[in-house]
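The next block holds one structure in the form of structure tokens; read it before the comments.
We count ligands from 1, going down the list as the structure has it; atoms in each ligand are counted the same way.
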Amino acid sequence: MTAHSPGPPEELSPARILGRPMRRSEDRALLTGAARYTDDVPCEGARHAVFVRSPIAHALIRSVDAGEARAMPGVVGVFVAGDMGGLRMPPVEDSPETFARPLLAAGRVRFAGEPVAVVVAQTRAQAVDAADAVAVDYEPLAPVIDPEAALEPDAPVLFPAHGSNLAIRVDDVAEDPGALEGAEITVRARFVNQRVAPVPMEPNGALAIAGLAPGQPPVALWASVQAPHDTRRIVAQVLGLDCAQVRVRTAAVGGGFGGKIPTYPEHVVIAWLARRTGSAVRWSETRSENMVAMTHGRGQVQHVELGATRDGRLTGLRVLVIQDIGAYASEAATLPPLTGLMASGPYRIPRIDFHAVSVLTNTTPVGAYRGAGRPEATWLLERALDMLAGDLGIDPAEIRRRNFIPPEAFPYRTPTGATYDSGDLGRALDTALRAAGYTELRKEQAARIDRGETWRLGVGIGSYIEVTGWGSEFASVEADEKGTFTVLTGTSPQGQGHETAWAQIVADTLGAPFDAVAVRHSDTALVPRGEGTMGSRSLQVGGSAVLRASMALLAKARRLAAHLLEASESDVRGFDGRIGITGDPESSLSWAELAAAAADSASLPPGMETGLRAQDDFEMEDSTYPSGVHVAVVEVDTETGKVKLARHIAVDDCGRRVNPLLVEGQIHGGIAQGAAQALYESIVYDELGNPLTASLASYGMPAAPDLPAFVTVPLATPTDRNPLGAKGVGEGGTIGAGPAVHNAVIDALSHLGVRHIDMPMSPDRVWMAIGDALRGVPGDREKGEAYGAAGPEWLDRGHRHAHAERPVDRRGVTPKIR
Ligand code: MCN
């Protein structure tokens, strides 16, 4: 593996811009309303598409009658699956071909919200009215909503050709049936890591333009996505075109949080419609459409057994994950392998046995959501560890300290196959506890109990290590005759601030003014390749490509300057935004002068190409492993079950911080989403699969007044896995925060006998858990005995028939991180 020495050369930037908390150059347009989102992209004459969505979770489609709709004013056409010649989305990695999703439901609907038909009309209002007039005759089928119930032998099956709802098994991350041997104490639990919605401020949308002038690609698609090049690949593949025939762009993207990684059937339908109708077609989701059509996140049932010695040293872990993937195998297929990979967390756990099954249910497909598989691992460990601490009478901070992988043990290889680069969890814990005033908090907690106060205090710790960065990324940097610089990057942000950070990297490396650097992205006609923004990968992969392209550009500029100044290259340096002979400002050239010279082949040294431009493709050979410790302080009203997050302290190690202000922003947003899952958010279906939380009136997304100001304390351990020395930070806040808040609520109530409450810890649940504990009713963890007794064989008991279908062999497959 290549070790990278961190950072650009020191020579250029006496006042370095890298590492400075620069304000986001993106914000002026966003805050003044000048930014353009997909639905704002001007396109005269564009027609409007509205999808007819199934109101039923599971049904056969007997017929679709669009006669009335077709005759309505302004209607251009109404289309169903049959009009599209059986076009289907390509199955996602690891998922059997059987599950490939049709663009529009064909013969059967598998979740409420699945598109069945699409109406195109001159105006949006006309399309909405006509969509209402499309009459679909459904023959309802029994649905299955709960992933454990979906594994029962008599459960309704979503894909009869497959024969069961068991879509994918993961048995090869870490197999060690004897992992609990020698444990002196074992904690057993069943946790539900509930389904949540990504809820980006801007919902999904697209605008497709077809039949442009000769020389233009036949399909130009604007789409609100996180990976435009991937969208281009999929749209081209499904429509039978070459990639070169499709151009995909994003306008400003108003949040994605993982939900905009997939290319949706709706995107392809819009492109298909533009070709079919010969005019531009636009589509924008309503909020309630977004709540049922965009992938949900999490959705795991976790059976956990954690073994330890009596003095609290971990000896082994066994986990069985039942991953609800919804109606079609989407990005969720990648989640259990990531949960498995990170199952050791920041602890030395000598033996781990991990198994997972991905299960189909009549619900919205599940996909990546901030952390995607890693928060689920942290959650199960942190909850089980607190239970263990309680059983052994050891302080939760102390039990973590006893089990952390010590800094000197890095690089550390886990039994699940991860090789952690660096970390100092002990220091992170001490820092977080000090910042929180842990000792005083414990005193205050005891005093409130003594005083019999109804509002009890809880302190929760969430320690994590996660995995970020994979794949490769393209970047180019070009200087022009105006003295400005243009960066092209394959990353595709949704609010992370790449334009600011990438400009810092270039300005720092070239000694150029920050304002002279323009960053362009998210256009497949402009940027030749890119893997997009997800998995907290962008800075370390895309930013490193920008750094290396900048360094290559500097080397080219020095060579050119030496040639023009008739000096030795070794005497030529960059200083004050110029390139020339060190210590002799008269013998130097500005970047603008160099760019002008570079345009003329006669001015160039032998073998140099015209243009002052350099590019790079940086490939990560191994991921980085950010880590941290969060401490949450909550107050719980024992009379009503209401929880208030009073304080939250976050110590996150993302290696070298390119822009501490952006990092802070990422951590803040991440904490909000982690705390939200712990306390408020949950997608709920009734037993028929009707979504009960399909609007923001019913889905418990918190607002600013629900959350306190957060305290963040930086900590950095070095990584040599990329030249910036950076690890990702886009998800760490969520991964640390959720379990910390969860543990804090249980901590506030543990003296009453409450041992676990599943999320979200809404007042009714908390109140009932208090009542159950006081009456001596066993808590949720007892349900875990099904697995505790039988191990993974539990799965085989009633579901042997499921295994006959092509089991997926994941050996040697490195999970993609989302
Ligand atoms: N950064 C830094 N120093 C580091 C690490 C990161 O200065 N050591 C900065 C980067 O320059 C970048 C930001 O922090 O501006 C996040 O970088 P990174 O960790 O590389 O993450 P990505 O840019 O790849 O963003 C993806 C991540 C994910 S996976 C989700 S989900 C998420 C998140 O970003 N979704 C978001 N943050 C979001 N923020 C907004 N506003 N909207 C979303 O949808």
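The contact set between ligand 1 and Phe257, taken as ligand atoms under 4.0 Å from a residue heavy atom, comprises 31 (S), 35 (N), 36 (C), 42 (N), 43 (C), 44 (O). Per-residue contacts place Val658 under 4.0 angstrom from the following atoms of ligand 1 (heavy atoms of the residue considered): 2 (C), 3 (N), 7 (O). Of all the atoms in ligand 1, the ones that sit under 4.0 Å from a non-hydrogen atom of Met534 are 24 (O), 29 (S). Within ligand 1, the atoms closer than 4.0 Å to a non-hydrogen atom of Glu731 are 28 (C), 29 (S), numbered from 1 in the order shown. Of all atoms in ligand 1, listed by their number and element, those nearer than 4.0 Å to a heavy atom of Ala501 are 11 (O). Those atoms of ligand 1 that come under 4.0 Å of a heavy atom in Leu662, given as number and element, are 15 (O).
Look at Gly535 and you'll find a heavy atom under 4.0 Å from some atom of ligand 1. Contact annotation: Trp502 has at least one heavy atom less than 4.0 Å from an atom of ligand 1.
In terms of modelled atom types and a separation under 3.5 Å, the side chain of Glu382 and the main chain of Ser463 share a donor-acceptor contact.
Checked for salt-bridge contact, Asp430 and Arg427 miss the test: no charged N lies under 4.0 Å from a carboxylate O. Using a cutoff of 4.0 Å between basic side-chain nitrogens and carboxylate oxygens, Glu478 and Arg520 are not scored as salt-bridged. Using a 4.0 Å cut-off between charged side-chain N and carboxylate O, Asp617 and Arg529 make a salt bridge.
In this structure, of Lys727, Arg657, Arg656, Gln226, the residue bringing a heavy atom nearest to atom 5 (C) of ligand 1 is Lys727. Comparing heavy-atom distances from atom 20 (O) of ligand 1 across Leu539, Leu18, Val253, Thr491 singles out Leu539 as nearest. The heavy atom nearest to atom 14 (O) of ligand 1, considering only Val541, Asn659, Val729, is found in Val729. Selection from Gln494, Gln673, Gln540 by nearest heavy atom to atom 42 (N) of ligand 1 gives Gln494. The closest non-hydrogen atom to atom 18 (P) of ligand 1, taken over Ser536, Pro200, Ser492, comes from Ser536.
For the residue pair Glu499/Ser25, the side-chain donor-acceptor check at 3.5 Å is not satisfied. For the 3.5 Å distance criterion, the side chains of Ser627 and Lys727 fail to qualify, holding no donor opposite an acceptor. A donor atom on one side chain and an acceptor atom on the other are found under 3.5 Å apart for Thr624 and Thr468. If you check the side chains of Glu26 and Thr500, you find a donor sitting under 3.5 Å from an acceptor. Side chain to side chain, Thr533 and Ser538 meet the donor-acceptor criterion of an N or O pair below 3.5 Å.
Looking at Gly728 next to ligand 1, no N or O pair under 3.5 Å apart turns up. Distances between N or O atoms of Gly256 and those of ligand 1 include at least one value under 3.5 Å. Residue Arg537 places at least one N or O, backbone or side chain, under 3.5 Å from an N or O of ligand 1. Below 3.5 Å of separation, one finds an N or O of Cys654 facing an N or O of ligand 1. Of the polar atoms of Gly258, none of the N or O atoms is found under 3.5 Å from an N or O of ligand 1, judged by distance alone. At under 3.5 Å, not a single nitrogen or oxygen of Ala726, backbone or side chain, sits near a nitrogen or oxygen of ligand 1. Here's the thing with Gln496: one of its N/O atoms is less than 3.5 angstrom from an N/O atom of ligand 1.
By the 30° and 60° cut-offs, the orientation of the rings of Tyr264 relative to His267 is perpendicular. In this pair, Tyr420 and Tyr625 present their aromatic rings tilted. The plane angle is within the 30 to 60° band.
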Exercise for review: Evaluate the criterion side-chain hydrogen bond (donor to acceptor under 3.5 Å, both in side chains) for residue pair Gln677 and Gln194; output intermediate values, then yes/no.
Suggested key: CA-CA 8 Å; Gln677 183 178 355; Gln194 85 275 25; 3.2 Å; yes
